[in-house]
Amino acid sequence: GLSSSIVSSHLVSTSMQTAMKQQRASGRVSGRSAFSGSQIAKPVGVRVANAGRSGALVARAQAVAAPAASKELVDKCVNTIRFLAIDAVNKSKSGHPGMPMGCAPMGYLLWNEVMKYNPKNFDWINRDRFVLSAGHGSMFQYAMLHLAGYDSVSMDDIKQFRQWGSQTPGHPENFVTKGVEVTTGPLGTGICNAIGIAVAEANLAARFNKPDAPKLIDHYTYCILGDGCMMEGVSNEACSLAGHWGLGKLIALYDDNKISIDGHTEISFTEDVCKRYEALGWHVLHVQDGNTDYDGMRAAIAEAKKVTDKPTLIKVSTLIGYGSPNKADTHDVHGAPLGAEETAATRANLKWEFGEFEVPADVKEVFAQCVSKGAEAEAEWKKGCEEYAKKYPAEWAEFQSLTSRELPAGWEDALPKVTPEDKGLATRQWSQTMLNSLAPALPGLIGGSADLAPSNLTLMKMFGDFQKGQYAERNLRFGVREHAMGAICTGIALHNSGLIPYCATFFIFSDYMRAAMRVAALSEAGVIYVMTHDSIGLGEDGPTHQPVEHLASFRAMPDIMMMRPAGGMETVGAYKQAVLHRKTPSVIALSRQNMPNLPGTSADGVAKGGYVVSCGCPEGKPDVILIGTGSELELAAGAAVDLTAAGLKVRVVSMPCFELFEKQGKEYKDSVLPPTITARVAVEAATSFGWDRYIGFQGKFIGIDSFGASAPAPKLYSEFGITKEAVVAAGKAVAGK
């Protein structure tokens with residue numbers, strides 16, 4: 001039913017081109033001329049872009065089922081979405097009305113005709129997912145959730161848009177609003193999260209679906225992204241991977257409105273996005289009129305679903321602020337309220353006769369079927385689950401266990417038992433042991449490295465690579481794409497199906513992915529970040545590769561655990577805590593150089609964040625407290641021996657995780673670091689920033705407050721004064737000896 005006639009690469013009618021040129025020349029849209037049906041030419045179809053072709057024309061009438069509502073009623077539903085956004089932004093005196101006004105037709109079609117979901121069970125595992133990568137247009141999503149029947153967004157919530165304690169914050173937040181899958185706002189990140197969600201779907205579908213039983217996992221991931229998302233480099237990183245992986249259940253709708261905060265995108269963004277995405281391995285479509293061509297959008301989505309071996313990008317050309325006579329197609333409508341005068345003009349222009357925040361009765365009736373349809377879809381899925389469970393009881397039990405998000409009973413028993421007698425290794429090597437010990441015990445463990453697997457030691461040896469056609473495997477090859485890697489793993493975690501994502505690179509290259517890690521912390525996404533080569537101890541690669549300020553920077557970031565284990569026992573403890581904290585991401589900083597498994601260190605100690613490793617005064621007060629982390633705990637332990645020989649009573653404290661230590665009660669913290677003992681020395685091959693909270697004004701710090709250098713690790717430690725002798729001298733000084 002599809003025509004193969006070849007058409008131009010843009011397929012924009014002459015009258016539309018002329019209208020757009022006139023609008024941009026004047027910097028505004030001139031009233032009805034932009035919006036009356038007689039003035040805007042109807043597009044002739046949907047462009048389908050394929051490699052080696054300039055495009056093929058989709059015959060809409062042959063590809064689209066008849067809509068459930070009349071064209072007039074659909075228009076009313078779409079305008080309801082627009083005016084909910086307009087009214088909420090006006091009331092809050094801040095927000096972004098333009099995107100919801102332009103994307104309202106997409107919203108109506110996705111929520112009312114396309115997506116499979118149950119508003120009364122937002123957590124249904126087999127629901128279609130939606131990600132608003134253009135998160136500034138959050139009122140679009142809140143309007144859709146409200147109209148579709150989600151209890152999480154009432155009309156009162158919409159009226160409290162962007163206010164303290166409301167369910168409708170300025171950008172979508174998954175931890176605030178039920179029905180919001182991921183937290184978006186930083187442009188480009190949402191599409192990466194959507195790719196992570198699609199990875200999760202592909203992995204679980206490949207592992208659990210059977211050819212002779214109903215499918216347990218079979219959902220799409222939809223995403224709306226804008227010009228800003230397209231400009232951000234992280235989206236290209238991630239979309240390159242999505243094309244490589246052939247994620248056919250991912251459908252992204254590109255709101256091509258050609259406006260950014262600075263003005264029209266022609267001042268800085270003139271590339272052919274469709275050709276770029278074709279080169280990335282995507283199936284590309286173009287709906288020329290996203291404002292009124294509902295059939296064109298229906299046809300594009302139907303066509304996208306037919307392509308199962310590629311993700312699909314549907315470029316939907318829209319007018320930002322559609323319906324506003326004086327602000328549409330300008331940056332004025334992007335990030336500011338329309339105001340009373342322009343709102344009145346828009347109401348008149350779109351013939352909207354209803355009051356503020358009013359949802360017409362027939363619109364309510366249209367959207368009411370979302371609830372019943374969703375309940376029916378979930379009920380049908382549950383019926384299929386019963387059939388599946390009878391045929392495949394073992395797989396069903398594993399699926400239930402995984403998607404319950406409860407860790408398997410006894411999983412921690414898989415962690416190795418490390419003793420001080422075991423050979424001293426680099427903690428990155430112990431990390432490799434942990435991952436491969438946990439792989440069979442945690443069916444949700446999935447992850448990989450940004451092209452550094454041989455150095456990070458992050459491959460799970462019992463699994464192959466997740467690749468196109470090999471989606472059941474659990475090693476992810478991210479290539480040199482740290483930022484995308486971080487954001488994709490956030491999406492995997494927020495699929496909320498029990499998968500536990502980890503990702504790895506050199507600690508220094510966390511700089512590339514810090515923005516994604518921050519959003520993960522905000523989003524309560526329990527990603528595990530395996531960061532090797534954690535200090536100047538990596539040696540000859542020099543200061544470009546030697547992290548100095550990174551430990552302090554992640555300790556300063558809220559709601560993330562920064563762990564730096566010393567030896568094998570503490571690496572066991574770090575992984576145990578990382579797995580247990582499913583709503584808190586963890587950074588595990590690991591060494592390149594070997595270190596001993598010091599007596600007194602323990603996995604249980606890591607759970608406390610800081611603990612006493614050794615104390616030369618079990619019944620009395622120490623003269624000095626030495627605090628260390630990671631590879632430098634060995635220096636503290638060695639210095640304690642020398643200070644004891646000099647007649648001092650010395651306590652050695654390991655502090656692998658500030659965040660966990662701060663969660664302990666005052667009594668415990670005071671038992672480790674007695675307030676009356678102010679003679680304290682901390683040693684860490686990193687910046688001193690942040691250590692004052694534990695060593696005070698009278699303490700001393702042995703570390704590095706400059707960039708490193710290129711040399712073998714022992715030489716670097718010596719030249720920068722991070723030595724046992726320096727700790728001994730500092731200990732004597734603070735103890736007054």
- prompt: Out of curiosity, I488 CD1 to L241 CG, how far, rounded to the nearest 0.5 Å?
  reply: 5.0 Å

task: With sequence neighbours excluded, tell me which residues meet side chain to side chain contact (heavy atoms under 4.5 Å, CB included) with A202.
output: L247, F466, Y471

statement: Across all chains, not counting sequence neighbours, the ring-ring contact (aromatic ring centres under 6.0 Å, His included) partners of H533 are F506

- request: State whether the side chain of Y117 and the backbone N or O of W111 hold a donor-acceptor pair below 3.5 Å, judged by distance alone.
  value: yes

field: Pair Y575, S431: side-chain N/O donor-acceptor within cut-off below 3.5 Å
entry: yes

task: Enumerate the residue pairs fulfilling ring-ring contact (aromatic ring centres under 6.0 Å, His included) with a member in residues 484-504, sequence neighbours excluded, ordered by first and then second residue.
output: H219-H495

- prompt: Does the side chain of M513 come within less than 4.5 Å of C503's, by heavy atoms?
  reply: yes

Name every donor-acceptor pair, under 3.5 Å, that has one atom in a side chain of residues 514-529 and the other anywhere in the protein, sequence neighbours excluded.
| from | atom 1 | to | atom 2 | distance (Å) |
| --- | --- | --- | --- | --- |
| R514 | NH1 | S553 | OG | 2.9 |
| R514 | NH2 | D511 | OD1 | 3.1 |
| R514 | NH2 | S553 | OG | 3.3 |
| S523 | OG | T183 | OG1 | 3.3 |
| S523 | OG | V519 | O | 2.6 |

With sequence neighbours excluded, residues passing side chain to side chain contact (heavy atoms under 4.5 Å, CB included) with A504: S449, N456, T458, V530

task: Would you please name every residue forming a side chain to side chain contact (heavy atoms under 4.5 Å, CB included) with F463, sequence neighbours left out?
output: A439, M460, E473, R474, N475

- request: Work out which heavy atom in T177 is nearest to a heavy atom in S152; give both atom names and the distance.
  value: CG2-OG, 4.3 Å

- prompt: What salt bridge (charged side-chain N to carboxylate O under 4.0 Å, His left out) pairs are there with at least one residue in residues 434-449, not counting sequence neighbours?
  reply: none

field: Inter- and intrachain pairs under salt bridge (charged side-chain N to carboxylate O under 4.0 Å, His left out), touching residues 187-210, at least two apart
entry: E201-K249, R207-E398, K210-E395

- request: For residues 373-382, pull every pair meeting salt bridge (charged side-chain N to carboxylate O under 4.0 Å, His left out), keeping only residues two or more places apart or in separate chains.
  value: E378-K382

task: Please list, chain by chain and in numerical order, all residues satisfying ring-ring contact (aromatic ring centres under 6.0 Å, His included) with W411, sequence neighbours excluded.
output: none

- line: Residues at least two apart in sequence or cross-chain that pass side chain to side chain contact (heavy atoms under 4.5 Å, CB included) with P547, listed by chain then number, are F507, I508, L538, H550

query: Taking atom types as modelled, is there a side-chain donor on S591 or T427 under 3.5 Å from an acceptor on the other?
result: yes

field: Qualifying salt bridge (charged side-chain N to carboxylate O under 4.0 Å, His left out) pairs with a residue from residues 175-185, counting only residues at least two apart or across chains
entry: R127-E181

